[in-house]
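Note sheet for the following structure.
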Amino acid sequence: MENLNQITVLCFGKAREITQTKSFSLAIPVECTVGELRLMLCELYPALNNDLAYAIALNQQYAQNETMIAANAEVAIIPPVSGG
Amino acid sequence: MENLNQITVLCFGKAREITQTKSFSLAIPVECTVGELRLMLCELYPALNNDLAYAIALNQQYAQNETMIAANAEVAIIPPVSGG
Amino acid sequence: MKLELKLSSDPLEMNLAHLFVTSPECGANVIFDGVVRNSKKGVQVTHLDFEAYEPMALAELEKIAHEIADQWPIQAVFVHHRTGIVYPGQSAVIAAVSSPHRKDAFEACAFLLDRLKQTVPIWKKEYTADGAEWVTPTP
Amino acid sequence: MKLELKLSSDPLEMNLAHLFVTSPECGANVIFDGVVRNSKKGVQVTHLDFEAYEPMALAELEKIAHEIADQWPIQAVFVHHRTGIVYPGQSAVIAAVSSPHRKDAFEACAFLLDRLKQTVPIWKKEYTADGAEWVTPTP
């Protein structure tokens with residue numbers, strides 16, 4: 001059986017409304033990139049990809065699709081920002 | 001005898017220090033341009049022209065050398081400005 | 001460089017920006033005050049609701065401050081941003097910089113706002129007579 | 001366009017600028033605060049003494065405000081300028097504009113300061129450890 005990491009995914013703005021939660025736990029493979037996480041999120045919440053061009057942050061930093069997600073990472077779904 | 005207009009000349013900043021007064025009266029010909037006034041000021045206060053590239057204002061507006069000075073005009077010697 | 005970065009659900013105070021950035025080494029303070037507008041494309045706006053990913057927002061603001069310091073001789077950077085509900089006429093953000101000379105201060109403060117709107121994880125939902133929607137950045 | 005122009009020998013108040021230009025039609029207030037510096041070319045400045053040709057200074061400021069309104073959609077212009085003795089760390093001038101959008105407000109406020117320093121009949125004498133002299137504009 002595959003090893004899994006437990007991560008917390010934070011949801012903000014429109015992503016929070018789509019997922020209907022501020023955060024959820026997710027089990028991901030030990031070797032999992034941000035791009036692979038996006039595919040998982042798409043299956044869980046199809047509206048995320050249909051409605052929103054979002055970024056992913058790892059431990060409060062913008063992450064590329066190639067980046068590997070560390071165990072216990074704080075992952076966040078970042079919709080297009082609109083501060084100011 | 002030539003007709004004369006009496007004008008008041010206001011002096012600011014370095015011009016005030018050169019003339020050692022905030023204002024003085026001057027009798028000028030009835031037909032007198034700003035350029036001609038400059039020649040008179042130069043004779044009265046040679047330091048004005050040696051030390052200072054100044055502008056002349058008529059009734060609180062910058063004036064050109066060709067402009068005729070009206071009777072009772074408020075004339076001001078405007079050294080290079082340095083506000084702000 | 002002095003830094004003062006804060007997200008707050010309380011009304012913002014202009015004087016804090018002024019006091020923080022003023023110093024006798026700096027001849028120029030430039031302060032930007034972003035005010036909530038009462039209409040958008042002719043539709044009346046009743047209020048905005050700001051949400052932030054606070055620790056990341058502060059981290060991104062700090063990055064921007066360092067980007068600024070790399071490009072201009074800026075001695076202080078101040079950003080206070082509202083969270084929660086903000087009404088038209090109220091300040092949503094106050095940002096200020098100080099520099100020995102004014103051209104640098106104007107450029108740095110304009111850059112700060114451009115970058116803030118590009119990278120800092122803060123979102124606003126706009127409530128109008130027509131309903132509510134998350135504001136998306138205009139290119 | 002709303003206009004508030006004043007020369008004053010009293011300390012300037014930032015909040016007056018903020019209150020004057022803020023409106024729910026304008027998303028962007030940009031405020032410039034020109035502070036007296038404590039040194040010039042390494043020489044300590046003890047204070048400045050500002051002199052103005054007041055009625056003409058106000059007339060020139062009003063012309064600048066109209067030049068601004070011709071170029072940018074600015075709804076309010078505020079300029080308070082000190083006269084008399086001003087010490088390092090104190091504000092010599094506070095200028096503010098408001099506009100629906102921030103790019104216009106930044107450009108208009110920077111232009112306002114450029115023009116103020118070119119045309120408004122105000123002069124400053126700088127007092128340093130080395131003596132006193134009238135400041136001449138640097139090109």
Side-chain angles (χ1 to χ4, degrees), chain C residues 12-41 44-48 75-76 86-114 116-117 124 138, chain D residues 12-41 44-48 75-76 86-114 116-117 124 138:
Chain C
L12 303 183
E13 291 187 48
M14 172 64 66
N15 267 344
L16 296 181
H18 181 227
L19 287 171
F20 183 79
V21 301
T22 296
S23 95
E25 284 84 41
C26 286
N29 301 335
V30 171
I31 304 178
F32 176 82
D33 173 26
V35 176
V36 175
R37 296 173 66 192
N38 60 7
S39 74
K40 184 159 172 183
K41 294 172 189 159
Q44 197 190 337
V45 173
T46 59
H47 63 279
L48 302 181
Q75 299 202 1
V86 188
Y87 293 97
Q90 292 188 317
S91 298
V93 58
I94 292 180
V97 304
S98 61
S99 179
H101 299 291
R102 78 180 183 288
K103 187 164 177 290
D104 294 324
F106 274 114
E107 288 178 4
C109 193
F111 176 86
L112 168 54
L113 267 292
D114 288 347
L116 184 154
K117 284 168 178 273
K124 57 175 167 252
T138 44
Chain D
L12 303 182
E13 290 186 50
M14 173 65 66
N15 266 344
L16 295 181
H18 182 225
L19 287 171
F20 183 79
V21 301
T22 297
S23 95
E25 283 84 42
C26 286
N29 301 335
V30 171
I31 304 179
F32 176 82
D33 173 25
V35 176
V36 175
R37 297 173 65 190
N38 60 6
S39 72
K40 184 158 172 183
K41 295 172 188 159
Q44 197 192 336
V45 173
T46 60
H47 63 278
L48 302 181
Q75 299 202 1
V86 188
Y87 294 97
Q90 292 188 319
S91 298
V93 59
I94 293 179
V97 303
S98 62
S99 179
H101 299 290
R102 77 182 184 287
K103 186 164 177 291
D104 294 325
F106 274 115
E107 289 179 4
C109 193
F111 176 86
L112 168 54
L113 267 294
D114 288 346
L116 184 155
K117 285 169 177 273
K124 57 175 165 254
T138 44

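In what follows, chains carry the letters A, B, and so on, assigned in the order in which the sequence lines appear, proteins first and then strands, with residues in each chain numbered from 1.
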- Item | D:Ser91, part contacting chain C, at a heavy-atom distance under 4.5 Å | side chain
- Message: The test is side-chain contact (heavy atoms from CB on, under 4.5 Å); show your working for C:Ile31 and D:Met14 and say whether it passes.
- Response: CA-CA 10 Å; C:Ile31 304 178; D:Met14 173 65 66; 3.7 Å; yes
- Task: For each of C:Pro100, C:Ala17, C:Gly34, tally heavy-atom pairs with chain D at distances under 4.5 Å, and name the one with the top tally.
- Result: C:Pro100
- D:Val30 versus chain C, the contacting section by heavy-atom distance below 4.5 Å: both
- Partner of D:Phe106 by ring pair (Phe, Tyr, Trp, His ring centres under 6.0 Å), out of C:Phe111, C:Phe32, C:Phe106: C:Phe32
- Query: Does CD belonging to C:Glu13 count more than 12 external heavy atoms closer than 6.0 Å?
  - Reply: no
- Item | Interchain contact, C:Thr22 with chain D, by part (heavy-atom threshold 4.5 Å) | side chain
- Item | CA sep, side-chain torsions, deciding dist, call: D:Arg37, C:His101, side-chain contact (heavy atoms from CB on, under 4.5 Å) | CA-CA 10 Å; D:Arg37 297 173 65 190; C:His101 299 291; 3.1 Å; yes
- Please look at C:Lys117 and chain D and tell me whether the side chain, the backbone, both or neither of the residue comes under 4.5 angstrom of a heavy atom of that chain. side chain
- CG of C:Leu113 to NZ of D:Lys103: how many Å apart, nearest 0.5 Å? 13.5 Å
- Task: Go through D:Pro88, D:Gly27, D:Cys26, D:Ala96 and name the one with the most non-hydrogen pairs under 4.5 angstrom from chain C.
- Result: D:Gly27
- Query: Which of the residues C:Glu107, C:His18, C:Arg102 is involved in the greatest number of heavy-atom pairs with chain D at under 4.5 angstrom?
  - Reply: C:Arg102
- Item | Max heavy-atom pair count under 4.5 Å with chain D, selected residue of C:Ser39, C:Ala95, C:Ser23, C:Ala28 | C:Ala28
- Item | Over all atoms of both residues, closest heavy-atom pair of C:Pro24 and D:Gly89 | CB-N, 3.9 Å
